[in-house]
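Each remark here refers to the structure printed beneath this line.
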Amino acid sequence: MQREEWTLEEKVEVLERRVAVLERILRISQILTSTLQLEPLLQTIAQSATELTDTAASSIMLVDKNTGELHFETVSGSKREEVKRVTVPLDGSIAGWIVREGKPLLIPDVRQDPRFYAQVDETTDFETRSILGVPLQVRGKVIGVLEALNKMGDGIFTQDDIHTLSTLAAHAAIAIENARLVTEIQKAYEELSELDRLKSEFVAIASHELQTPLTVILGYASFLKKETTGAASEQVDAVLQSALRLRSLINDMINLRHIETGEAELELEQLSLNELSTTITAEFASLAEAKKQSVTIQLASQPPMVEADRQKLHLVLANLLSNAIKFTPEGGRIQVEVETKGNEVRVSVRDTGIGIPPREQERIFDRFYQVEPSLTRRFEGMGLGLSIAKGMIELHGGRIWVESLEGMGSSFTFALPLVE
Ligand code: ADP
């Protein structure tokens with residue numbers, strides 16, 4: 001019967017059937033988009049394809065991203081495991097043709113088609129008679145093929161079947177791609193976590209092993225310094241200073257490890273941030289003087305008391321001040337300010353230094369992160385100071401952040417809860 005001759009009732013019937021199929025595909029699509037694991041997802045797709053096209057079985061083949069080969073991934077039915085990962089040649093197979101052409105293909109009788117690849121039937125004891133195959137496409141790229149096998153009833157696939165299977169394939173392809181992406185991201189994340197673990201382990205072992213010889217060097221250098229005079233004394237002093245610097249680097253690594261493993265413990269006491277900031281700023285006076293920098297301090301009018309670990313806050317403020325001095329050219333200005341704001345106290349260290357580009361401002365608090373690439377950098381350091389500062393402040397239930405304009409200067413601030 002030609003389309004033109006269809007009665008209104010017949011047209012309505014066809015449309016109703018299509019709407020019913022689309023409703024089912026929509027429901028299936030909801031299930032597909034909520035399944036992020038590839039294996040169950042493929043099963044659902046294969047089952048749905050069989051149901052929707054009223055066929056005996058269906059199968060899914062996917063193109064391997066690396067080799068470009070086409071592999072059987074799943075078939076509905078009991079012989080699932082046997083066909084898994086069977087390779088289907090791209091040349092001389094129906095699925096291969098669909099991948100190459102990116103178009104559906106209907107084969108009413110496979111025995112008459114030279115492209116039929118019989119090997120899978122031999123493996124599964126399933127006798128394929130007819131095939132309807134459609135490409136699984138994402139953004140114009142064929143990622144696989146969905147096939148429905150052996151139409152039930154009169155055994156003849158219709159235009160509606162092609163339409164239905166193609167619609168299902170469009171939803172299925174996106175769901176498959178998403179599931180693969182999730183798997184890839186999970187894998188990459190696991191690899192990164194492993195690398196991170198190895199790095200932490202290395203840092204732990206290295207810092208621990210370096211401690212003992214360093215203690216010996218420091219011991220003898222201090223002893224020799226007392227014993228020697230003149231030029232030799234200067235040389236011993238250089239050894240001592242370098243050893244002290246090495247100790248502070250090792251301490252950074254140990255501190256970081258303690259924060260990471262949750263081993264860092266707070267020895268809390270009530271202390272005034274006015275007093276602590278004054279003490280530490282004074283400690284850095286000679287370092288700033290050597291670079292002809294001015295250091296000023298502005299204190300809160302009422303001594304702001306916090307419940308904190310003195311040594312750890314000392315470390316935080318020392319890191320901020322040494323960075324300010326390091327990243328500010330000669331003659332620059334550094335300002336420390338303590339102020340209370342609501343129920344917290346804020347300590348800021350401002351400088352007129354090189355500043356930090358906006359895109360780097362979050363990352364500088366990451367471990368080992370430095371704005372300048374390590375091999376060409378002008379400033380010494382390991383990129384640990386700020387991550388330690390952040391860890392220590394967060395241990396105290398506080399926050400730390402930076403505001404900065406490139407070429408103009410930076411302002412680092414930490415806030416801690418005030419003790420009433
Ligand atoms: P380090 O100082 O050892 O490199 P930090 O963790 O203390 O490590 O700092 C990380 C990076 O943040 C520094 O390498 C630098 O690029 C940037 N930075 C920190 N403080 C300042 C500052 N006051 N001015 C400009 N850049 C800074």
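Values below: every heavy atom of this structure, side chains too, minus hydrogens, waters and symmetry copies. Both counts, for ligands and for their atoms, begin at 1 and track the order of listing.
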Option of least heavy-atom distance to atom 9 (O) of ligand 1 (set: Leu386, Thr328, Ile388, Val371): Leu386

Ligand 1 and Asn323, any nitrogen or oxygen pair closer than 3.5 angstrom? yes

So, taking the atom named CG in Leu181 and the one named CG in Leu38, what distance separates them when rounded to the nearest 0.5 Å? 11.0 Å

Ile356, any N or O under 3.5 Å of ligand 1 N or O: no

Counting from 1 in the order shown, the ligand 1 atoms closer than 4.0 Å to a non-hydrogen atom of Gly355 are 25 (C)

Protein contact of atom 17 (C) of ligand 1 - nearest heavy atom, named by residue and atom, plus distance: Ile364 CG2, 3.9 Å

Gap separating the CD1 atom of Ile388 from the CD atom of Glu260, nearest 0.5 angstrom: 9.5 Å

Give the atoms of ligand 1, by number and element, whose distance to some non-hydrogen atom of Gly385 is under 4.0 Å. 5 (P), 6 (O), 7 (O), 8 (O)

Which residue holds the protein heavy atom closest to atom 14 (O) of ligand 1, what is that atom called, and what is the gap in Å? Arg377 NH2, 3.2 Å

Tell me, which protein residue and heavy-atom name are nearest atom 4 (O) of ligand 1, and how many Å apart are they? Gln370 NE2, 2.8 Å

Please lay out, stage by stage, how Phe368 and Lys199 fare under the test side-chain contact (heavy atoms from CB on, under 4.5 Å). CA-CA 11 Å; Phe368 299 107; Lys199 192 185 72 190; 3.8 Å; yes

Between Leu384 and ligand 1, which part of the residue brings a heavy atom under 4.0 Å of the ligand: side chain, backbone, both or neither? backbone

Does an N or O from Gly383, backbone or side chain, lie closer than 3.5 Å to an N or O of ligand 1? yes

Spell out, as yes or no, whether a donor-acceptor pair under 3.5 Å connects the side chain of Lys390 to the backbone of Ile400. no

Starting at CD1 of Ile325, measure out to CD of Gln293 and round the result to the nearest 0.5 Å. 6.0 Å

Got a salt bridge between Lys141 and Glu177, using NZ or NE/NH1/NH2 to carboxylate O under 4.0 Å? no

Could you list the atoms of ligand 1 found under 4.0 angstrom from a heavy atom of Tyr369? 10 (C), 11 (C)

Under 3.5 Å between some N or O of ligand 1 and some N or O of Met382? yes

Compute the minimum heavy-atom distance from Lys326 to ligand 1 and say whether it is under 4.0 Å. yes

With rounding to the nearest 0.5 angstrom, report the CG to NE2 distance, Leu52 to His163. 12.5 Å

Just by modelled atom types, is the Asp161 backbone N or O under 3.5 Å from a matching donor or acceptor in the Thr53 side chain? no

Got an N/O contact under 3.5 Å between Ser387 and ligand 1? no

Please could you name the atoms of ligand 1 that Gly381 approaches to less than 4.0 Å, counting only its heavy atoms? 3 (O)

Is any side-chain N of the basic residue among Glu201 and Arg197 closer than 4.0 Å to the acidic one's carboxylate O? yes

Between Phe365 and ligand 1, which part of the residue brings a heavy atom under 4.0 Å of the ligand: side chain, backbone, both or neither? neither

Shortest protein contact, atom 23 (N) of ligand 1 (heavy atom only): Asp351 OD2, 2.9 Å

Phe412 N/O under 3.5 Å from ligand 1 N/O: no

Taking Thr50 for the side chain and Ala56 for the main chain, is one N or O donor matched with an acceptor at less than 3.5 Å? no

Between the side chain of Asp237 and the main-chain N/O of Ser233, is any donor-acceptor distance below 3.5 Å? no

Return a yes/no value for Phe327: is any of its N or O atoms, backbone included, closer than 3.5 angstrom to an N or O of ligand 1? no

Hey, does Asn319 sit under 4.0 Å from ligand 1 if you only count heavy atoms? no

Above 12 or not: heavy atoms from other molecules or residues under 6.0 Å from CD of Glu330? yes

